[in-house]
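Have a look at the structure below before the remarks.
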Amino acid sequence: SLALRSRRSTAPADQTKMMRVALIGMCAAAARADQMNPIGKVLQMMSDLQAKVLKEGEGAQQIYAEFAEWCEEQSKELNFQIKTGKSE
């Protein structure tokens, strides 16, 4: 189905994104040792932003999953109506 194909096509992009997030996290952790350093402050802000984006992404993923499920249900219902010749 279309929903399944769209999920598969984003898998490599998600992996790349997670690798970037991990790298930023490691840099931020290293910078925490010296909080007075301006670069450390920037890395800390990036780490905070990363956490915020990941949290928002989880919410968006939940909404997408619900919508994809609704689409699948509607598709099945429409196919059934076409096969049986019945409509609402």
Legend entry - Transitive ILVMFWY cluster of I82, excluding itself - 4.5 Å side-chain cut-off: L78
Legend entry - Side-chain (S75) to main-chain (C71) donor-acceptor, under 3.5 angstrom: no
Inset, instruction - Give, for atom CG of L49 and atom CD of E56, the distance between the pair rounded to the nearest 0.5 Å. - result: 8.5 Å
Legend entry - Point-to-point distance, once rounded to the nearest 0.5 Å, from CD of E58 to NZ of K55: 9.0 Å
Legend entry - Side-chain touch M46/L43, heavy atoms, less than 4.5 angstrom: yes
Legend entry - Listed partners of Q74 passing side-chain hydrogen bond (donor to acceptor under 3.5 Å, both in side chains), at least two apart: none
Inset, instruction - Look up atom CD in E72 and atom CZ in F67, then write down how far apart they are to the nearest 0.5 Å. - result: 11.0 Å
